[in-house]
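First comes the structure, then the notes that go with it.
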Amino acid sequence: MKIADLYIRVSTDEQADKGYSQRDQEERLRRYCVYHSIEIRNVIFEDHSAKTFNRPEWKKLILNLKKYKNRIDIVLFTKWDRFSRNTGDSYMMISILRKLGVEPQAIEQPLDMSIPESKLMLAFYLAQPEVDNDRRALNVFYGMRRARKEGRYMGLAPIGYQNKSHEDGRKYIAPKEPEASIIRWAYEELARGIFNTEQVLLQARQKGFTGAKSLFWVAMRNPVYCGKIFIPQFKDEESHFVKATHEAIISENLYYIVQDVLDGRKREQYAPKIIGDDKLPLRGFLICPKCGKLLTGSTSKGRHKYYSYYHCFGNCAHRFRAEPVNQLLLDELDQYIPQAEIKKLYAILIAETYYEQTKEIQLEKKQVLAQIKEYEQRLTNARDLIASRKIDEDDFRPMKSGYLEQINRLEKKLNTILNDTDDIEGLLNEGIERLLKLDEGCKKGDLGDMRGLIGRIYPDNLTYDGYKLRTGRVNEIVESIYLINKELGVNKKGQIRSHSDLSCKVGMAGFEPAASTSQMWRDTGLRYIPKGNAKVEF
């Protein structure tokens with residue numbers, strides 16, 4: 001009497017789609033053994049894909065067969081696709097089993113291997129399941145690629161989104177709070193260029209971000225958040241982006257700014273850390289006047305209290321007390337606090353200065369738009385030529401690829417250019433409101449807020465020479481407020497003096513003197529007019 005092991009395999013997706021059942025297979029195999037007088041030794045149940053033989057229960061079966069070599073004669077299964085769906089692996093496994101004195105056999109597709117022609121049927125039985133798998137995978141691939149081209153995000157939603165379904169069953173992703181707000185905040189914070197990615201991640205975790213560091217990096221690189229879906233290259237079709245159907249969390253312009261920051265193209269300064277002693281807000285912002293290194297800081301315990309110092313490291317022993325320097329910082333910031341009585345004047349003058357300083361950027365933007373239009377026209381002309389059969393498709397393809405590449409490059413460049421702000425008055429009013437609370441924010445704000453404020457006001461690092469704090473550059477808008485305060489002043493009666501010519505005098509530290517307002521209007525065509533033609537009273 002022959003001895004057999006029964007191998008019963010079913011994967012989860014097959015059981016759901018085709019109705020395969022382990023109990024049904026076992027019943028048929030047992031009935032076959034009874035009819036052919038075969039003794040059953042073991043019944044092996046497997047719930048794993050047949051794409052490879054790297055299956056837990058199958059590996060246990062092979063070890064058992066090697067341990068008890070020549071103890072059994074047959075490994076029975078219902079069909080050859082229960083055995084494997086990989087032709088190459090199947091022939092190798094059949095060879096291994098035969099060396100162990102075991103013959104694999106499918107009861108519903110029986111083969112007499114002593115007949116040479118049976119090998120042809122074996123090849124068919126083994127190849128058919130693999131072909132089915134490949135065809136199914138190809139259909140899924142084309143279906144998912146078509147869905148992506150239509151702007152649909154496929155797969156598990158990234159952090160900040162959640163998977164949802166329409167009434168007709170179509171899947172989509174939608175923003176999920178508070179994760180979406182945290183991702184938006186992280187992008188905005190990275191775009192400012194004040195803190196490095198590690199420090200932004202630490203702040204994001206304090207706000208509720210629970211993902212790993214790698215997940216945060218992936219999120220900061222994912223174009224899905226700006227409403228774009230990436231279509232990878234396939235055959236003759238080049239990789240490209242399409243507009244997504246889901247709601248974007250950030251703007252496309254913000255996305256490209258952050259990519260420049262991450263790639264290092266926007267890193268013009270040392271990115272300070274947030275974590276530190278509240279008594280050392282300038283740690284990471286001060287430069288050693290002796291060796292040029294960035295100063296660190298520490299607090300030591302004295303006889304009666306703790307003392308904080310900014311100091312250098314290595315062979316340089318330069319150091320000084322932190323309290324006087326911190327007080328100098330507060331005194332310096334007082335000069336940049338706008339006067340609440342003339343808030344509207346600040347908005348008008350700074351807006352004029354903004355347009356003057358961004359004149360070259362506006363001209364560059366016009367040039368880039370003109371170049372994009374030119375390449376689009378070239379692409380249209382090339383399509384007309386191929387439609388009229390004046391050029392071959394082989395000549396058209398590289399032309400199309402080159403034009404699309406140039407258009408894509410110019411569009412990315414356009415996104416990195418500072419866009420003209422339609423509601424600049426509203427943004428200025430909001431910014432001035434924050435500056436009005438500058439002193440309060442420095443004295444009562446936490447360390448992260450204060451260091452962020454310092455980084456925004458002073459783009460370059462600071463130097464303390466023992467008497468004053470010095471820096472190479474101050475934020476242009478803040479510098480304008482300082483000049484306005486200095487020019488206006490306050491008389492003894494508390495009334496602000498009138499200076500109607502200030503708009504022609506305000507200039508930026510480190511820049512050439514500003515041109516007159518009328519000259520700026522003639523050069524650029526840009527003019528700032530408050531909403532409702534509001535007048536400023538002095």
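All figures in this text were calculated on a predicted structure; none of them were measured in a lab.
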Check whether any side-chain N or O of His36 sits under 3.5 Å from a backbone N or O of Val34 as a donor-acceptor pair, and report yes or no.
no

At what distance, to the nearest 0.5 angstrom, does CG of Asn42 lie from CG of Leu65?
9.0 Å

Holding to side chain to side chain donor-acceptor pair (under 3.5 Å), I want the full list of residues that pass it with Thr296, two or more places apart in sequence or in another chain.
none

Pro56 and Glu46: which non-hydrogen atoms are nearest, and at how many Å?
CD-OE2, 3.7 Å

With under 30° as parallel and over 60° as perpendicular, where do the rings of Phe83 and Trp58 fit, or are they tilted in between?
perpendicular

Under a 3.5 Å threshold, yes or no: a donor from one side chain and an acceptor from the other, between Arg378 and Asn381?
no

Once you round to the nearest 0.5 Å, how far does CD1 of Ile407 lie from CD1 of Ile372?
8.0 Å

Inspect the surroundings of NZ in Lys228 and state if more than 12 heavy atoms from other residues, nucleotides or ligands are less than 6.0 Å away.
yes

Less than 4.0 Å between a side-chain N and a carboxylate O, is that true for Arg23 and Glu27?
no

To the nearest 0.5 Å, how far apart are OG1 in Thr299 and OH in Tyr309?
10.0 Å

To the closest 0.5 Å, what do you measure between NZ (Lys59) and CG (Asn54)?
4.0 Å

Could Arg28 and Tyr32 be counted as a cation-pi pair, given that NZ or CZ must be under 6.0 Å from the ring centre and within 45° of the axis?
no

For the pair Glu150 and Thr245, evaluate side-chain hydrogen bond (donor to acceptor under 3.5 Å, both in side chains) and give the outcome as yes or no after the intermediate values.
CA-CA 8 Å; Glu150 294 173 357; Thr245 57; over 6 Å; no

Pair Asp132-Gln128, side-chain donor/acceptor within less than 3.5 Å
no

Note: Val200 and Trp185 closest approach over all heavy atoms is O-CZ3, 3.7 Å

Quick one: do Arg9 and Glu57 make a salt bridge, cutoff under 4.0 Å?
no

For Lys293, does the NZ atom sit with more than 12 other heavy atoms under 6.0 Å from it, leaving out its own atoms?
yes

Tell me, with the steps shown, if Phe241 and Ile231 meet side chain to side chain contact (heavy atoms under 4.5 Å, CB included).
CA-CA 6 Å; Phe241 288 93; Ile231 310 298; over 6 Å; no

Phe216 and Phe209: aromatic ring centres closer than 6.0 Å?
yes

Once rounded to the nearest 0.5 Å, what's the spacing between atom CG of Leu6 and atom CZ of Phe45?
8.5 Å

Take atom CE in Met92; do more than 12 heavy atoms of anything else shown fall under 6.0 Å from it?
no

Salt-bridge contact Glu188-Arg184 (side-chain N to carboxylate O under 4.0 Å)
no

Fit a plane to each ring of Tyr142 and Phe234, take the angle between them on a 0 to 90° scale, and name the class: parallel (under 30°), tilted (30 to 60°) or perpendicular (over 60°).
perpendicular

Does a side-chain N-to-carboxylate-O contact under 4.0 Å join Asp263 and Arg221?
yes

When every non-hydrogen atom of Asp112 is compared with those of Ser114, the smallest separation belongs to OD1-OG, 2.6 Å

Heavy-atom check, side chain of Tyr225 versus side chain of Tyr255, under 4.5 Å
no

Lys373 and Glu376 ion-paired at < 4.0 Å:
no

Minimum heavy-atom distance between Gly292 and Ile287, given as atom pair plus value:
O-CG2, 3.5 Å

Please give me the minimum heavy-atom distance between Pro158 and Asn222, naming the atom from each residue.
CB-ND2, 4.1 Å

Charged N to carboxylate O below 4.0 Å: is that the case for Glu39 and Lys2?
no

State, without any angle test, whether Asn86 and Ser84 hold a side-chain donor-acceptor pair at a distance under 3.5 Å.
no

Can Thr87 and Glu130 be counted as having a side-chain donor-acceptor contact under 3.5 angstrom?
yes

Work out which heavy atom in Asn163 is nearest to a heavy atom in Gly155; give both atom names and the distance.
ND2-O, 3.1 Å

Would you say that more than 12 heavy atoms from the other residues, nucleotides or ligands in this model lie under 6.0 Å from the NZ of Lys66, or not?
no

Nearest 0.5 Å, what's the OH-CD distance between Tyr375 and Glu405?
10.0 Å

